[in-house]
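These numbers were taken from a predicted model, which means no experiment stands behind them. Convention: sequence-line order gives letters A, B, ...; per-chain numbering from 1.
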Amino acid sequence: MTTLTDPPKESFRLSMLIYDTRYRSMTIQVVALIGFMLLIGWLVNNTAQNLLDLGKEPSFSFLGEAAGYDINQRLVDYDNQNSHLRASFVGLLNTLLVAVMGCITATILGVIIGVLRLSKNWLISKLMTVYVETFRNVPVLLWIVFTMAILIETLPVPRSFKGVDVGAVVVTNRGIYVPEPLFSRSLGDIHLFGASSFRFDISLDLIAFLIALALGLFVRHKINQRAHRIQEETGIRPTTWYLSLAAVAVPVLVVLVTLGFYLGYPEFKGFNFRGGTHMRNSLIALWLALSLYTAAFIAENVRAGILAISKGQTEAAAALGLRSNRIMSLVILPQALRVIIPPLISQYLNLTKNSSLAIAVGYMDLTGTLMGITLNQTGRELETLLLGMLIYLLISLSISLVMNWYNNRVKLVER
Amino acid sequence: MSDVFFVRTEMLQQQAPPSTSVGIVGWMRENLFSGWLNSILTVVSALFIFFVAGGFLSWAVSPTWGATSLTECREILAGHEGACWGVIRDRWVQLLFGFYPSELYWRPILTFVLLAVALAPVLFAEKVPAKLVYFTAAFPFLMPWLLWGGSIWGPLAAAAGFVIGYFVYGAVVKAAGSLAGLIVGVAAALIWWLFLAPVVVDLLSGTVSIGLEAVESRKFGGMMLSITIGIVAIACSLPIGIVLALGRQSDLMILKSLCVGFIEFIRGVPLITLLFVASTLLNIFMPPGTNFDIIMRVIIMATLFASAYMAEVIRGGLAALPKGQYEGADSLGLNYWQAQRLIIMPQALKISIPGIVSTFIGLFKDTTLVSVIGLLDPLGLSNAIRADTDWNGVVWELYGFIALLFFIFCFSMSRYSMYLERKLRTDHQ
């Protein structure tokens with residue numbers, strides 16, 4: 001009779017740490033971890049020693065000191081007696097401003113160019129190819145300084161507008177002046193975060209406007225739903241365009257009239273323009289260059305996305321009797337969107353990171369304030385760079401989080 | 001069937017297509033004027049091209065090639081709008097080489113010619129003799145020596161470290177297995193580099209001094225600087241990127257999180273902040289008293305930057321491989337490294353070629369950022385040239401020339417990647 005026995009229990013030997021695959025992965029990880037710790041320890045030790053030799057105690061207290069420099073393009077109030085922290089906050093808002101503006105225009109331009117590049121019109125598609133190749137193969141920094149040079153060298157000086165009726169928008173080589181929305185019966189501002197460095201004001205007029213707009217859009221949505229229901233039941237869709245228009249326009253107009261809305265036009269006074277919103281050259285150059293540069297990449301992504309949709313979709317849509325631009329907007333683009341979004345996320349990230357090149361044209365973004373002038377004035381390389389990198393990291397991570405959430409929402413659910 | 005009272009018995013003569021649908025007219029109707037929207041677009045873009053090209057040509061065709069200053073250009077042009085090409089004639093050498101001593105120009109030129117030779121076995125594998133790969137291996141040590149000059153013993157000692165490590169590995173691997181061999185080999189090379197090499201180099205350069213005239217880093221500039229940083233960073237980032245990608249794909253939790261942390265950190269911050277780290281912080285991280293070269297520091301940060309992007313590109317290639325390839329390698333009894341070397345990597349790298357090349361193009365374009373931290377790449381030089389009173393105010397010619405240089409390099413690289421994709425495509429077409 002044979003008996004089934006377990007194989008003899010192997011006792012643990014030290015060599016098994018290397019030769020037994022069960023333990024080897026553990027060994028490798030522990031060795032890697034120890035190596036990493038040693039590296040970090042070595043770096044920290046060196047840094048501490050070097051800082052001690054230089055007589056610099058690592059501390060973030062410099063953020064509370066007066067900054068002493070001016071920032072001319074800003075979204076919130078600031079003067080040179082405010083703290084470095086406040087200056088960095090202004091810089092951060094400027095970074096976000098140009099990033100958001102850039103992403104919007106780059107997306108619009110990119111989609112148009114990507115679609116036109118596939119156009120059957122030979123001249124247009126060749127023109128778009130030239131555009132894409134030119135912008136993709138030349139460094140973005142060169143485009144930024146080039147755009148800045150164009151704005152400064154080719155646009156008229158403010159003085160040349162003296163005594164001329166300028167109208168609403170003035171384009172000068174010091175920047176562009178656009179009308180500014182003003183309210184004669186303004187509700188005032190809410191002051192957030194009191195007197196801290198992160199204080200900022202939100203206009204109540206703007207909030208009222210947005211609420212009215214949201215209300216209008218909600219009512220329009222309801223009207224459309226009702227029209228849809230009636231169409232399902234009777235087969236006849238009631239005419240709703242005037243109702244929809246009124247639903248959106250009336251609340252907005254009521255709010256604007258009650259608050260006494262008017263536009264503040266730029267006026268020539270002394271040596272320069274007053275009034276209106278002044279967008280400085282540095283902002284415009286950076287915004288334009290980043291948008292045009294990123295649009296070339298987005299156009300390629302859009303083109304790839306459209307080409308990824310099988311030809312059968314186009315043919316089926318054509319068989320249903322759709323015209324070619326409706327095929328594009330109703331059938332192809334919605335499907336291509338799913339392919340386009342993941343690379344689009346990384347283009348947005350690139351644009352945001354490239355906005356740090358603002359330093360080349362003197363736009364005061366986070367790099368220009370915290371990692372530029374603040375660094376030079378306080379001599380705190382370690383603290384400013386760590387803080388700056390951390391903030392950029394947070395911005396990048398939040399962009400990818402939001403866009404990945406959106407991507408998951410529109411993604412095709414398979415099986 | 002009785003209703004049918006007419007049946008054609010002979011075929012109609014085939015007719016020529018209408019003259020509006022063939023030839024140049026037909027092509028234009030098809031491709032330029034197929035509907036009113038298309039016609040408008042065509043006309044608008046034709047006008048656009050006409051005005052832009054016309055304006056550009058009348059500006060660019062300008063007899064100012066011989067001018068020696070902007071004032072002279074203005075005299076030649078006599079009030080007309082036009083380019084001042086004299087600045088390019090005067091300074092193109094500087095835009096290519098920076099302030100590198102002019103009697104030593106042969107060294108960077110030779111370096112880049114040899115670079116082409118060294119790259120040939122990698123780029124055009126089947127068209128060159130296989131032996132050339134030894135030269136490729138030696139080139140990383142030859143290149144810094146040619147560019148920076150100095151004693152030959154330093155690069156030779158650095159190369160000797162690899163040779164020593166290789167032989168020690170070979171000796172130990174037979175006795176004690178591959179992992180032990182690897183550890184002992186690396187240790188031997190490290191001991192050589194850290195303790196023995198400096199002594200040996202001192203001794204040798206004391207007795208036999210063979211060397212080239214040393215050139216300081218701050219004399220580097222222009223396109224030469226961009227290419228040097230780009231090439232070195234990309235060459236170093238490829239192996240690091242492969243290791244990081246494998247680490248990110250591996251099952252080892254700690255290794256994986258280290259790799260993910262590194263990759264996401266580098267990809268989350270702009271290159272310019274890393275360059276600030278290179279220019280201000282890197283010396284603080286090193287042992288007290290270290291003060292190494294600014295170009296070296298920039299190359300280190302650019303390498304780290306590129307390797308994170310490279311890792312993501314290669315991870316894409318690894319993820320695109322069907323799982324059957326991994327399982328097939330396992331079932332053949334290959335261990336991890338054999339499977340990677342023989343089965344996985346050749347395919348994954350092939351898939352990632354477009355991504356690798358576009359990472360390279362991106363890095364090469366990003367080398368212009370070093371002008372922000374004060375290195376004299378072409379863009380930094382353009383400011384230096386404008387600071388000269390002769391050329392104060394010249395903008396378009398310089399930017400145009402620099403843009404053209406970058407365009408030529410980047411465009412040819414992207415075309416090469418397309419060629420490579422076509423060549424390596426082995427599936428059915």
- Message: According to ring pair (Phe, Tyr, Trp, His ring centres under 6.0 Å), does anything in residues 365-398 of chain A pair up with another residue at least two apart or in another chain? List the pairs.
- Response: none
Report which part of [X] has an atom under 4.5 Å of a heavy atom belonging to chain B: side chain, backbone, both, or neither.
X	value
A:Val44	neither
A:Phe146	both
A:Ile359	side chain
A:Asn121	both
A:Leu394	neither
A:Leu385	side chain
A:Ile391	neither
A:Leu142	both

- Task: Mind running side-chain contact (heavy atoms from CB on, under 4.5 Å) on B:Phe285 and A:Leu382 for me, showing each step along the way?
- Result: CA-CA 10 Å; B:Phe285 291 150; A:Leu382 187 68; 4.1 Å; yes
- Message: Using a 3.5 Å distance criterion without hydrogens, assess whether the side chain of A:Glu381 forms a donor-acceptor pair with backbone atoms of B:Leu281.
- Response: no
- Task: Could you check A:Leu127 against B:Phe48 for side-chain contact (heavy atoms from CB on, under 4.5 Å), going step by step and ending with a plain yes or no?
- Result: CA-CA 10 Å; A:Leu127 202 60; B:Phe48 175 78; 4.3 Å; yes
- Distance-minimising heavy-atom pair for A:Ala32 and B:Leu255: CB-CD2, 3.6 Å
- Message: Quick check on the structure: residues of residues 363-372 of chain A within a heavy-atom distance below 4.5 Å of chain B, by number.
- Response: A:Thr367, A:Met371
- Would you call B:Phe407 and A:Arg136 a side-chain contact if the rule is heavy atoms closer than 4.5 Å? no
- Query: Mind checking whether A:Leu123 and B:Ile49 have side chains closer than 4.5 Å, heavy atoms only?
  - Reply: yes
